[in-house]
Undergrad: 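There's a structure below that I have some questions on.
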Amino acid sequence: MVVRTPGVSPAATSPPGQRRWGWWTRAAVRAGLITAGLSRRLGLGAGSIIGGRVTLALDAHALRRLAAGRRVVLVSGTNGKTTTSHLVAAAVRTVGPVAHNSGGSNMADGAVAALAEARDAEYAVIEVDELHLAAVAEAVDPMVVVLLNLTRDQLDRATEVGAIASAVGHALARHPRTVVVANADDPMVVSAAKLATRSVWVAAGSSWLGDASSCPRCGHTLTFTESGWECVCGLARPTPDWRIENGKACTSNMVLPLDIRLPGQVNRSNAAMALAAACAVGVAADQAASALREVDVVAGRYAVVHRGAQNLRMLLAKNPAGWAGMLSMLGESRPLLVIINAREADGRDTSWLWDVPFEQLTSRQVVASGERAADLGVRLSYAGLEHQTVADPLAALAALPAGEIDVVANYTAFHHFRRRLLGGSRLSREREVAR
Amino acid sequence: MSGESTVTIGLLLPDVLGTYSDAGNATILAQRLRWRGIPAEIRTITACDVPVTTCAVYLLGGGEDTAQQFAADWLRRHDQLRRALETSAVTLAVCAGLQILGRSMSDASGHHYPGLDLLDITTAPGRQRAVGEVIATCTVPGIGSLTGFENHRGVTTLGPGTAPLGRVITGTGNGTSEGTTRYRTEGVFTDRIIGTYLHGPVLARNPALADHILHKVTGQVMPALDLPDQAALRHTYLSHTYLGRNYLGHTYLQGRFSRCS
Ligand SMILES: [Zn+2]
């Protein structure tokens with residue numbers, strides 16, 4: 001069933017500040033907030049993960065209790081979660097305060113921390129790791145779930161993509177009132193979202209079909225036609241409710257500008273998904289669209305860091321699909337620093353580097369860096385790219401010229417490098433501004 | 001084959017068995033030939049194509065259960081290709097690709113299905129998924145240590161007279177052992193087929209294995225290549241400090257993320 005009208009009006013539930021949590025939950029939340037504050041003051045990090053863990057350790061049902069009575073939007077998928085959740089939060093903030101795990105800690109602890117820190121917020125926008133979506137949805141009974149894409153990411157830590165899609169689908173089936181805003185162009189997403197009762201399909205595109213060219217249901221090769229894709233087993237691209245045409249988001253009765261500040265086609269798709277989600281929550285479409293235009297930096301991504309005579313544009317790509325979207329954002333001949341780690345959060349296996357079409361990065365200076373600089377360097381050589389290899393990214397900057405430089409790093413590499421570039425003080429100031 | 005003629009590398013079903021970036025092995029073989037002045041060409045053979053049966057090398061990668069069964073059916077339907085793998089070409093088969101070339105496989109629900117019967121091996125699902133770094137000593141003289149990443153649930157039993165590609169030092173590999181010393185085996189090595197559980201361009205980490213294949217295909221001695229970062233990469237994965245750290249990581253990952261199908 002397709003939901004064509006926006007969700008229920010924002011006055012249907014009582015504000016969460018008037019709800020009463022049990023004394024034990026209140027104590028657990030307070031303990032978590034104290035721990036988080038302490039962790040921050042000691043400079044150990046943003047504190048939200050450890051704070052959320054403390055709360056959850058004291059009250060296993062904290063997530064359910066903290067979410068009760070709020071309008072919750074969950075944003076999940078392999079790529080674009082952080083960016084899209086920032087866009088959704090910006091749009092929803094036009095109708096009321098929003099609890100948001102803006103730092104990107106996207107498991108149950110991060111959700112708990114975000115809800116605890118904004119206890120009076122009527123709305124919550126929570127980015128959720130796709131492996132944890134089923135469990136978090138179970139606890140928070142979301143009003144809207146945004147499902148961006150499901151591709152291979154960190155396979156060594158995750159299960160296979162088909163298994164994730166199936167788990168997500170079954171979780172969605174258990175929430176008949178939830179509106180699922182899903183990418184109609186991603187076969188894995190469609191096979192999962194088809195199990196939902198209420199869905200809004202967005203033609204958000206799919207920049208990488210590495211896992212998606214065979215059918216998630218039966219393994220046959222998908223047939224791609226002008227109007228989409230289909231399989232002999234009957235799985236096919238649904239008719240989209242939202243499309244992107246000439247840089248505008250269109251439904252059967254609306255055309256809205258998507259002139260966002262974030263670069264790249266991928267982010268236009270993320271914005272279309274965010275717009276559809278905001279409308280499903282009850283935000284007026286034009287109000288949501290203008291809020292999206294204000295977002296320019298997302299958890300440090302897309303920011304330009306000035307260092308000496310160098311202007312470093314900070315980009316994050318953690319898998320082949322992310323890179324496929326990233327390639328169009330890179331300056332034509334701008335020097336490029338690529339930083340690759342292989343810690344647990346990145347996935348220990350660097351095989352994915354071989355699915356990135358580095359061959360397209362011609363005519364520019366490239367420096368390979370990070371804890372897996374050698375893996376990257378070997379890959380670049382086989383791609384026919386001359387490059388330098390300097391494992392320490394700060395030292396690698398010395399090998400690059402003055403002026404504009406693109407920096408693309410995977411997850412831990414991005415955060416470590418950013419921290420070293422900015423130092424602790426500036427990061428905490430940024431956090432204050434983000435509140 | 002003379003140095004002048006183009007070596008064709010057939011990349012089989014990357015649309016079906018492309019989960020672990022194994023297509024990189026085709027790039028590696030082609031580039032290592034070109035750098036030595038031997039023309040090379042990669043032929044991508046998808047499920048929609050009538051397969052070319054004249055390639056010098058074929059590559060089969062890894063994939064999920066449904067994809068693996070589809071690929072096995074597809075290969076059985078193309079008997080000319082099967083004959084090429086049996087009699088004329090050299091094949092590198094990784095993970096699901098290795099299992100497909102055996103006698104039979106069974107999936108998580110216990111259902112058996114036949115393989116291509118080119119290797120005397122059978123594969124059944126193990127209790128736990130094997131995920132992590134593998135180091136093995138290659139049984140083929142001159143290749144030395146093999147390094148790679150495995151991520152599979154298959155336990156592969158080698159038939160009598162079927163030789164493994166390596167002896168496992170760390171990691172799981174085939175998940176079975178053999179010989180009087182009961183050493184743990186990794187992969188399969190025959191005259192025409194090299195099968196391994198080391199995915200995600202095994203040839204990027206083990207250039208000597210790549211050159212072994214190329215020597216077999218061209219009949220030529222492959223002069224050494226001085227590829228930047230190659231030595232550092234092997235040092236990363238074969239060094240003792242890394243071994244210690246990774247071994248912990250391996251066990252940890254297995255314990256925490258074993259809910260795969
Ligand atoms: Zn199908």
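Sequence lines set the chain letters: A, B, ... in the order given, protein chains first and strands last, and positions in each chain run from 1.
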Undergrad: With chain A, which of B:A232, B:P201, B:A30 has the greatest number of heavy-atom pairs at distances under 4.5 Å?
TA: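 Looking at each option in turn, the highest pair count goes to B:P201.
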
Undergrad: Pick from B:T66, B:T27, B:I28, B:V16: which one has the most heavy-atom pairs with chain A under 4.5 Å?
TA: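 If we count pairs closer than 4.5 Å to chain A, B:I28 comes out on top.
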
Undergrad: So which atom in B:P228 and which in A:V378 form the shortest heavy-atom distance, rounded to 0.1 Å?
TA: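 Minimum heavy-atom contact is O-CG2, 4.0 Å.
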
Undergrad: Under a 4.5 Å heavy-atom cut-off, does chain A meet the side chain of B:A23, its backbone, both or neither?
TA: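 No part of it gets close to chain A.
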
Undergrad: Please flag which part of A:H220 lies under 4.5 Å from any non-hydrogen atom of chain B: side chain, backbone, both or neither.
TA: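 Both backbone and side chain of A:H220 come within 4.5 Å of chain B.
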
Undergrad: If you take all heavy atoms of A:G384 and B:Q31, which pair is closest and at what distance?
TA: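 Result for this residue pair: N-NE2, 4.2 Å.
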
Undergrad: Can you tell me which portion of B:W35 sits under 4.5 Å from chain A's heavy atoms? Options are side chain, backbone, both or neither.
TA: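 Interface part for B:W35: side chain.
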
Undergrad: Could you check A:R348 against B:V131 for side-chain contact (heavy atoms from CB on, under 4.5 Å), going step by step and ending with a plain yes or no?
TA: CA-CA 10 Å; A:R348 301 267 181 199; B:V131 185; over 6 Å; no

Undergrad: Within this structure, what is the OH-CD distance for the pair A:Y382 and B:Q230, rounded to the nearest 0.5 Å?
TA: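 Here the rounded value is 5.5 Å.
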
Undergrad: To the nearest 0.5 Å, how far apart are OG in A:S351 and CZ in B:R205?
TA: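 Rounded to the nearest 0.5 Å, the OG-CZ separation comes to 6.5 Å.
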
Undergrad: Return the CG to CG distance between A:L380 and B:D229, rounded to the nearest 0.5 Å.
TA: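 Here the rounded value is 8.0 Å.
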
Undergrad: Begin from the C-alpha positions of B:Y237 and A:T350 and carry the test side-chain contact (heavy atoms from CB on, under 4.5 Å) through to its verdict.
TA: CA-CA 12 Å; B:Y237 291 107; A:T350 56; 3.6 Å; yes

Undergrad: Can you see which heavy atom on A:W354 is nearest to which on B:G24, and at what distance?
TA: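 So the two residues come closest at CE3-CA, 3.7 Å.
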
